[in-house]
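See below for the structure under consideration.
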Amino acid sequence: MNKQLEYGKLLYGGDYNPEQWLDRPDILEKDIIYMKEAHINVVSVGIFSWAVLEPREGEFQLEWLAKIIDNLYKNGIYTILATPSGARPKWLADKYPEVLRVDETGHRNFFGFRHNHCYTSPVYRKKVSKINEQLSNRLGEHPGVIMWHISNEYGGECYCPLCQEEFRSWLRKKYRTIEELNARWCTTFWSHTYQSFEQIEAPSHRGEPLMHALNLDWHRFVTDRTIDFAKAEIAAIHANGNTKPVTTNLMYNYNGMNYSKWKDILDVISWDNYPTWHKGPEAVTAMDGGMEHDKMRSIKKKPFLLMESCPSATSWQSISKLKKPGMLYAASMQAIAHGSDSVQYFQIRQSRGAAEKFHGAVIDHYGGDDSRVFQEVMEIGKDLEQIKEVQGSTTISEAAIVYDTENRWAMEDADGPRNKNLYYRECVQKSYIGLKRMGLNVDVIGMESDLSSYKLVIAPMNYMYRDGYEARVKEFVADGGTYMTTYWSGVVDECDRCFLGGTPFGLMDVLGLRSKEIDGLYDGEYNTICPVPNNTAGLKESYRVEHLCELIDVSTAEILMTYGSDFYQGTPALTCNSYKNGKAYFVAADAEQDLYLHLLQELVKKAKISNAASEPLPEGIEISIRQSEAYRYIFVENFNQQAVEVDLSAYQGTILVGTYEENTIKENGCIVFKQKR
Ligand code: GLA
Ligand code: ZN
């Protein structure tokens, strides 16, 4: 699945639910007028519309939707057409209770909510295929329909007998014999040996919650099951020969599935971004969201779509904070800067009742176009038209960070050196921030990714080495790459089985060291790491470290820093080893952000990464570069709530949007420079 998208413009719009307003033609008419005013050129329709599309079993009513799509198209607005499987009609759940999910205690859910259905149930699959075929037959070839939005935010798990049986087949396929499974899962522990695959049950707090290999495989199974369900949805849509591209909207920091496995199923990656702006410093929130954009882009290493974002305040976060004027602009431009070909909102028109009636929308209950939010939405639409030529341009990154979902499952589940919080995401973010402050594009990849296109790969807390990973790292460094990894790496294999004979497994020669022990620190407890005089990384300061401190023995590595206190005072805490044509760095403890700023500045220079800033950019200033065949588009953003002076002389070109006067970028501002390549 790899269809290229060529719209010639950036997509701008959002989720639209006309089915909630079918009795108000006046409102539907106004919607179109307002959308055009706001420069909206695309809407996602049909999400959660099943009960209106098939009010009774087998009775399909698609004409209202056809009319809506026609009308949108006539008015220059494309449709991303959704399949409605995210929520099922009541008649379906009543007649076929097997479609409802079963929880880990074996209880079947009642009707209601969304994402409350079994991905295995043959009835559910059949009914979804049927409605999908109807949609495709009636509307799939409509010139206004540019893409399929498969379901909505797939997620969750089902523990029904059908899913349990599928899980056993999945395991049988993976391990072939029960002896192999027993060996890989270390089932001798606590007398858990299985005699046949039939005996295996999914993890449950009423049964087995602590067999880490079982938990890991269950997560993998849930990923595969969900993807298998999506494949069946796509097959139904394409059964009549329809070839329009497909996407599904992924979620922020979602841990229930390994998203990198969607790579080959979807034509386009899309996701929903709901940052908690103004909760802390905007510069910090921007880095967090930026990293997620990069993670999504890195799945296919292609432009993606921002499928949803909130034009105002959400209704489901603990505090529904308004975005200050200009914040929506900065957030929207950030998506494009990081490789999105769209800015889309949830939602175009605020629903009148039910769960999300107070969720922000382009058009609110008041219903006018003179609201603050509408005006800002319109301004963004204008600027997106100004930069429409960036659509389709790509992002090239010479630096990557390994942030692996399966590793996260394994690490967070394993009872280990800190069960309170390992701070994995935070550790990854420290490196991410270090690289972004150097003005770089950054790929955020999983362990299965090819490393050969990068000059610098940073792999924080790679606790689990997935099959073949260490061999690829070895080759990467041997070929001249710079690799940086940290404490709590290379500890277990894909089944969470500890490596014997020393860690980081398979890379002790590459790193020139061996880890011996790891100290978990209580909250509030800390140590320091101190520079070795005249170290080759030019590190001169001491830094605070907390949470985890690994004790290492070096063989060939140069010691750059040592611990400042405790019984391991004076022992190595940061090292660098030359291995064949490359270099491998090891950070032994969870150090404060500044270490990463200083160390990465050095590494980026040494690894000769293109387009790097000469010194870290001011906090809250972000640079991202997209490129087409002929041009480079440099996005400079200021997430600070005040203007900032910044030297951009290295980046100049024609300005497509934004202002850069007296070396200053305004608050929430975005400048897009266009340069010939
Ligand atoms: C998700 C869903 C939408 C809506 C929004 C609200 O992203 O996909 O249907 O519920 O959240 O923020
Ligand atoms: Zn099930």
Side-chain angles (χ1 to χ4, degrees), residues 14-17 19-20 43-50 80 82-88 93 96-109 113-125 128 149-170 201-202 204 218 221-222 224-226 228-229 232 247-254 270-277 289 292 296 305-321 323 331 344-351 354-362:
D15 278 23
Y16 180 47
N17 295 94
E19 69 275 16
Q20 294 171 12
V43 289
S44 304
V45 296
I47 307 168
F48 307 125
S49 304
W50 198 342
I80 296 178
T83 66
S85 65
R88 75 241 65 75
Y96 309 102
E98 74 160 55
V99 304
L100 292 174
R101 249 172 224 185
V102 170
D103 67 19
E104 61 160 319
T105 66
H107 290 94
R108 199 173 287 281
N109 289 351
F113 207 45
R114 47 183 179 176
H115 316 298
N116 179 12
H117 35 261
C118 169
Y119 291 137
T120 301
S121 155
V123 176
Y124 196 61
R125 286 181 173 226
V128 168
H149 182 297
I150 307 297
S151 201
N152 191 75
E153 292 190 340
Y154 281 118
E157 320 177 322
C158 176
Y159 294 79
C160 79
L162 296 167
C163 286
Q164 301 265 7
E165 196 43 51
E166 277 299 328
F167 180 46
R168 289 175 204 118
S169 314
W170 186 95
E201 288 167 334
S204 164
W218 173 254
F221 163 75
V222 168
D224 288 355
R225 196 83 294 249
T226 313
D228 189 70
F229 182 85
T247 190
T248 190
N249 47 343
L250 307 180
M251 292 175 271
Y252 167 84
N253 195 24
Y254 183 63
S270 66
W271 79 287
D272 303 340
N273 186 22
Y274 292 97
T276 46
W277 293 111
E292 201 71 12
M296 295 293 175
L305 299 178
L306 175 63
M307 188 55 84
E308 291 178 28
S309 59
C310 182
S312 174
T314 65
S315 55
W316 51 266
Q317 287 164 346
S318 49
I319 303 292
S320 304
K321 184 92 196 143
K323 289 187 182 65
Q344 283 157 273
Y345 302 118
F346 182 87
Q347 49 199 327
I348 300 290
R349 184 178 278 276
Q350 197 166 34
S351 60
E356 294 179 328
K357 58 184 170 297
F358 296 122
H359 193 289
V362 175

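When a ligand or atom number is given, it counts from 1 through the structure's own listing order.
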- Query: Regarding R101 and the six-membered ring of Y119, is the cationic atom NZ or CZ under 6.0 Å from the ring centre and inside 45° of its axis?
  - Reply: yes
Taking 4.0 Å as the limit for heavy-atom contacts, which would you say applies to [X] with ligand 1: side chain only, backbone only, both, or neither?
| X | answer |
| --- | --- |
| Q317 | neither |
| M251 | neither |
| D272 | side chain |

- Message: Looking only at protein heavy atoms, which one is nearest to atom 9 (O) of ligand 1, and what is the separation?
- Response: R114 NH1, 2.9 Å
- Query: Which heavy atom of the protein is the closest neighbour of atom 6 (C) of ligand 1, given with residue, atom name and distance?
  - Reply: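 Here the closest protein heavy atom is H359 NE2, 3.1 Å.
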- Ion pair present between R114 and E356, side-chain N to carboxylate O less than 4.0 angstrom? yes
Which atoms of ligand 1 sit under 4.0 Å from any heavy atom of [X]?
| X | value |
| --- | --- |
| W316 | 6 (C), 12 (O) |
| N152 | 2 (C), 8 (O), 9 (O) |
| E153 | 1 (C), 2 (C), 7 (O), 8 (O) |
| E356 | 4 (C), 5 (C), 6 (C), 10 (O) |
| F48 | 9 (O) |

- Message: Main chain of Y159, side chain of E104: is a donor-acceptor contact present, judged purely on distance under 3.5 Å?
- Response: no
- Under 3.5 Å, side chain of H149 to main-chain N/O of S151, donor-acceptor pair present? yes
- Message: In terms of relative ring orientation, are W218 and F167 parallel, tilted or perpendicular, with 30° and 60° separating the classes?
- Response: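 Taking F167 first and then W218, their aromatic rings stand perpendicular (interplane angle over 60°).
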- Take the angle between the ring planes of H115 and F48 and call it parallel below 30°, perpendicular above 60°, tilted in between. perpendicular
- Message: For a quick test of reading the model, state the closest non-hydrogen atom pair linking Y254 to G155 and the distance between them.
- Response: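 That closest heavy-atom pairing would be OH-CA, 3.3 Å.
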- Query: Which heavy atom in Y124 sits nearest to a heavy atom in R88, and how many Å separate them?
  - Reply: CE1-CB, 3.9 Å
- Task: Please indicate whether any nitrogen or oxygen in E308 is less than 3.5 Å from any nitrogen or oxygen in ligand 1.
- Result: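 N/O-N/O distance under 3.5 Å: yes.
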- Please say whether D15 places an N or O atom under 3.5 Å from an N or O atom belonging to ligand 1. no
- Taking C-beta and beyond as the side chain, do H359 and C310 meet within less than 4.5 Å on heavy atoms? yes
- Item | SG (C158) - the Zn ion (ligand 2) - SG (C118) angle, nearest 10° | 120°
